Amino acid sequence: MISRIACPAGPLRSPKALAPRPGGFPFAKQGVALMNLLEELRGRFAAALRALGEDDARWLEQVVPAKDPRFGHYQANMAMPLAGKLGRPPREVAQQIVHHLQVDDLCQEPEVAGPGFINLRLRPEFVVAQLQRLKTDPRLGVPRVSKPRTVVLDYSSPNVAKPMHVGHIRSTVIGDCLYRVHKFLGHHVIGDNHIGDWGTQFGMILYGYKHFLDADHYRQNPVEELARLYRLVNRLVSYRQQQEELPRLRQQQGELRGRLAQLESQTEATEDPKQRKKLRRQLQRLQAQLQELHQQIADTEAAIAQVEADPQLAELARQHPDIAQRVLEETAKLHAGDEENRRLWREFMPACLEALERIYRRLGVQFDVTLGESFYQDRLAPVVEQLLELGVAQESEGAVCVFLPEESAPLIVRKKDGAFLYATTDLATLQYRMERWAPDAVLYVVDHRQSLHFRQLFATARLWAKRVQERDPENPLTKLLDCELTHVSFGTILGSDGKPFRTRAGDTVGLESLLDEAVEHALRIVSRNDDAKPTGPELSPEQRRRVAEAVGIGAIKYADLSHHRTSDYVFSFEKMMSTTGNTATYMQYAYARIRSILRRGGVDVEALRSSEDPLLLESEQEHRLALALLRFPEAVAEVLVDYRPNLLTNYLFEELATHFTAFYEQCPVLKAPSDPLRRSRLVLCDLTARVIQKGLELLGIQTVEQM
RNA sequence: GCGCCCGUAGCUCAAUUGGAUAGAGCAUCGGACUUCGGAUCCGAGGGUUGGGGGUUCGAAUCCCUCCGGGCGUGCCA
């Protein structure tokens with residue numbers, strides 16, 4: 001397996017160059033570069049291991065921040081596994097590594113502990129020197145990568161014809177965060193919103209426009225009217241489908257009941273207890289299935305009844321009995337180049353895009369390009385032709401399929417009616433991306449239910465590229481062969497009932513109304529807090545609104561980003577805007593509080609940052625806080641190792657905020673016992689605020705000066 | 001049926017990808033303090049990491065098996 005952990009790149013500066021000069025302050029400002037400490041240490045270990053004849057980068061992953069402060073600041077664990085390989089006792093191996101390790105400019109004498117752990121403790125002077133540099137560094141110590149990658153990031157990807165809903169949150173928010181982190185680290189990243197602007201939903205709008213248009217409404221608010229048309233047609237189509245489906249469901253129910261009865265008597269008749277148990281289990285499963293089917297039938301019946309109870313809807317349904325078919329025809333006409341449908345499509349698009357843009361503006365999300373499905377139309381037929389010609393795909397039951405040995409189901413790239421699919425567009429899109437950007441990686445931020453699709457897509461794309469390479473090694477598509485293709489998958493947002501998040505009526509929740517609700521909730525919290533201030537409220541209604549917007553939207557984003565990407569999580573306004581715990585609200589509040597200290601202290605932060613005052617890390621709390629600040633670069637870099645934003649939120653909360661509060665409790669700042677100590681502590685405050693701000697910014701979350 | 005993912009404290013989630021004594025926040029209980037912004041801090045209880053077996057110096061993490069759940073699975077995206 002290829003590890004994505006970045007190897008310390010390039011020749012390292014000789015440790016000698018950093019060694020303390022006799023008689024001089026060893027860490028004069030100009031002598032120390034800002035660094036990702038972890039990577040720097042890994043580089044040092046790489047050198048030591050090379051001296052022992054080992055150059056496997058895997059060992060370097062075993063250099064990690066120490067889990068327990070008793071073990072120092074960093075620890076290296078490679079001596080134990082290496083001992084097995086070398087056939088020598090692990091402690092001896094550890095000693096040998098230490099012998100070759102040159103870290104005396106950064107660390108105190110390394111210790112070998114336990115079965116063979118190498119524990120490292122940073123030298124206080126080094127910590128102070130690094131912090132001094134941080135004061136004036138706009139990047140807060142985060143270095144740019146030495147080898148920038150070109151990365152295409154595919155995220156958000158809503159359908160333009162229908163309003164965005166809760167299902168789009170995770171892709172948009174995680175994608176945006178990854179975009180920001182890539183950019184900040186110096187990668188060349190292309191944010192691409194692969195919108196659905198060419199599918200069946202457009203057929204629905206076209207059909208709706210031709211039959212149900214409210215012209216006045218359309219003139220006044222085209223987006224709203226189009227959304228209304230979409231919902232109306234969608235409802236009528238569903239109604240028809242449900243009507244067709246109901247008999248089939250009932251038949252299934254009958255069959256299932258029959259099987260159940262059969263199994264029941266079979267179970268009764270079985271003597272063998274083991275066999276009986278097995279049958280019982282089958283019985284249980286069958287009963288569960290039946291239960292589910294009952295529910296499904298009930299839901300379907302309810303949906304049908306709802307339409308029929310509405311005289312207007314029922315009338316429309318009667319007038320448009322073949323609506324499902326007609327919608328597909330409208331879509332097909334659009335694809336075939338029908339003049340009117342193309343004209344309408346062009347007419348609708350700007351309004352649809354503007355509606356999306358409004359939400360993105362509110363979320364603070366940006367893209368470099370928005371190339372929807374329609375953009376790749378001309379490529380679809382040639383792609384399929386080429387796949388057939390190269391023997392990657394073949395015809396089967398009238399459709400064109402790619403059969404992969406490792407997958408049981410084929411990837412279908414052309415339906416038997418000649419239409420192209422999602423998979424076809426994805427292949428064409430990859431081809432285009434290779435031609436235009438020749439990226440080192442293409443990342444798809446898409447929910448986990450599509451993992452099979454992406455496995456098939458990636459395998460097919462590679463096979464395709466390989467066949468192309470055999471004929472035409474210069475073809476841009478061959479770049480695909482050493483391009484990372486990753487499905488950055490994520491779990492489902494659940495309601496408090498543990499089921500996918502929906503309204504009480506069972507509809508999906510619109511994104512915009514969700515944001516409104518969050519902001520309202522935030523406004524209540526902000527107002528309550530402002531009213532309760534000992535010196536009286538200090539925010540105007542306007543300011544409260546602005547703060548609430550930052551708090552509400554920040555809360556939604558942070559809740560999403562702070563959870564492990566692959567797991568499902570429960571959506572709850574209370575939890576995400578809790579003022580204690582790992583939330584955006586807490587982090588924003590911590591920031592505002594620190595800024596308030598600086599304000600009340602009448603501190604000129606510019607002067608503070610540029611001053612040469614010494615930093616005094618006398619207490620344990622100050623020292624720990626300083627170390628936490630120095631670890632920001634590691635936390636940022638780690639996000640991209642496995643595309644995990646929650647590693648950054650973990651850092652902000654557990655590492656930084658925790659150590660800051662400990663410091664804040666124990667170390668008076670404005671009332672510090674001496675002026676130099678006061679200034680030193682103000683520097684720590686300022687740095688903490690800046691790291692919080694930058695960290696939240698990388699998550700796409702705003703900070704406010706007062707709240 | 002087959003495939004993928006998951007199961008961690010009463011609840012919601014972490015655990016630097018195999019490291020030392022599995023951590024936070026809610027909730028519960030007990031403390032602190034004349035607010036540098038109390039939206040605070042400190043402490044306690046709470047765990048056979050779904051069960052069992054295996055791999056090795058070392059397992060929540062890897063392998064096997066069973067139990068329980070989610071998702072997907074030939075013409076949607």
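Values reported hereafter were calculated over all heavy atoms of this structure, with side chains retained and with hydrogens, waters and symmetry mates removed. A quick note: this is a predicted structure, and the numbers were derived from the prediction, not measured. All chains are named by letter (A, B, ...) in the order of the sequence lines, taking the proteins before the strands, and each is independently numbered beginning at 1.
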Checklist entry - For D568(A), which contact category applies under a 4.0 Å heavy-atom criterion: base, sugar-phosphate, or nothing? => result sugar-phosphate
Next on the checklist: What's S596(A) touching, base or sugar-phosphate or nothing? Going by heavy atoms closer than 4.0 Å.
Outcome noted: base
Checklist entry - Is R455(A) touching bases, backbone alone, or none of the nucleic acid, heavy atoms closer than 4.0 Å? => result sugar-phosphate
Checklist entry - Between K67(A) and rG23(B), is there a side-chain N or O to OP1/OP2 distance below 4.0 Å? => result no
Checklist entry - Which part of the nucleic acid does E407(A) contact within heavy-atom distance under 4.0 Å: base, sugar-phosphate only, or nothing? => result nothing
Checklist outcome for this item: Rounded to whole Å, the CD-C1' distance (Q666(A) to rC36(B)) equals 14 Å
Checklist entry - Counting N and O atoms only, with roles assigned by atom type, does the side chain of E665(A) sit under 3.5 Å from a partner on the main chain of A662(A), one being a donor and the other an acceptor? => result no
Checklist entry - When we call it a touch if two heavy atoms are under 4.0 Å apart, what does P90(A) touch: a base, just sugar-phosphate, or nothing? => result nothing
Checklist entry - Between E638(A) and R644(A), is the closest basic N to carboxylate O distance under 4.0 Å? => result no
Checklist entry - When all nucleic acid strands are considered with a 4.0 Å heavy-atom cut-off, which category describes C685(A): base, sugar-phosphate, or nothing? => result nothing
Checklist entry - What about R593(A), does its side chain sit under 3.5 Å from the base of rU35(B) through a donor-acceptor pair? => result no
Next on the checklist: Both distances below 3.5 Å, Watson-Crick or wobble geometry, any strand: find the nucleotide opposite rU56(B).
Outcome noted: none
Checklist entry - Centre of F571(A)'s six-membered ring, under 6.0 Å away, within 45 degrees of the axis: is that where NZ or CZ of R502(A) sits? => result no
Checklist entry - Checking all strands, does L38(A) fall into the base, sugar-phosphate, or nothing category for heavy-atom contacts under 4.0 angstrom? => result nothing
Checklist entry - When all nucleic acid strands are considered with a 4.0 Å heavy-atom cut-off, which category describes Y664(A): base, sugar-phosphate, or nothing? => result base
Next on the checklist: At 4.0 Å (heavy atoms only), tell me whether S567(A) reaches a base, stays on the sugar-phosphate, or touches nothing.
Outcome noted: sugar-phosphate
Checklist entry - Within the structure shown, what part of the strands sits under 4.0 Å from A83(A) by heavy-atom distance: base, sugar-phosphate, or nothing? => result nothing
Item to check | Base paired to rC71(B) (Watson-Crick or G-U; both N/O distances under 3.5 angstrom) | outcome: rG3(B)
Checklist entry - Contact class for F403(A) vs. all strands (heavy atom < 4.0 Å): base, sugar-phosphate, or nothing? => result base
Checklist entry - Within the pair R600(A) and rG37(B), is there a side-chain N or O less than 4.0 Å away from OP1 or OP2? => result yes
Checklist entry - Taking the six-membered ring for Trp, is the centroid-to-centroid distance between H487(A) and Y444(A) below 6.0 Å? => result no
Checklist entry - Should K416(A) and E397(A) count as an ion pair when the cut-off is N to O under 4.0 Å? => result no
Checklist entry - Base, sugar-phosphate alone, or nothing: which one does V669(A) contact when heavy atoms must sit under 4.0 Å apart? => result base
Next on the checklist: Please report the distance separating the P of rU8(B) from the corresponding atom of rU34(B), rounded so that it comes out in whole Å.
Outcome noted: 43 Å
Checklist entry - Checking all strands, does E574(A) fall into the base, sugar-phosphate, or nothing category for heavy-atom contacts under 4.0 angstrom? => result nothing
Item to check | SB check D447(A) R565(A) (cutoff 4.0 Å) | outcome: no
Checklist entry - Contact class for T661(A) (heavy atom, under 4.0 Å): base, sugar-phosphate, or nothing? => result sugar-phosphate
Next on the checklist: Between P on rA20(B) and CZ on R91(A), what's the gap in Å once rounded to a whole number?
Outcome noted: 17 Å
Checklist entry - Side-chain donor or acceptor of R644(A) under 3.5 Å from a matching atom on the base of rU16(B)? => result no
Checklist entry - What about H194(A) and Y376(A), are their ring centers closer than 6.0 Å? => result yes
Checklist entry - Can a side chain N or O of H487(A) be found less than 4.0 Å away from OP1 or OP2 on rC4(B)? => result no
Checklist entry - Can you check whether K415(A) has a side-chain N or O nearer than 4.0 Å to OP1 or OP2 of rC75(B)? => result no
Item to check | Donor-acceptor pair under 3.5 Å, N646(A) side chain vs rA15(B) base | outcome: no
Next on the checklist: Can you tell me whether the base of rU34(B) sits syn or anti, using the 90° cut around 0 to define syn?
Outcome noted: anti
Checklist entry - Roughly, in whole Å, what's the span from NE2 in H564(A) to P in rU16(B)? => result 10 Å
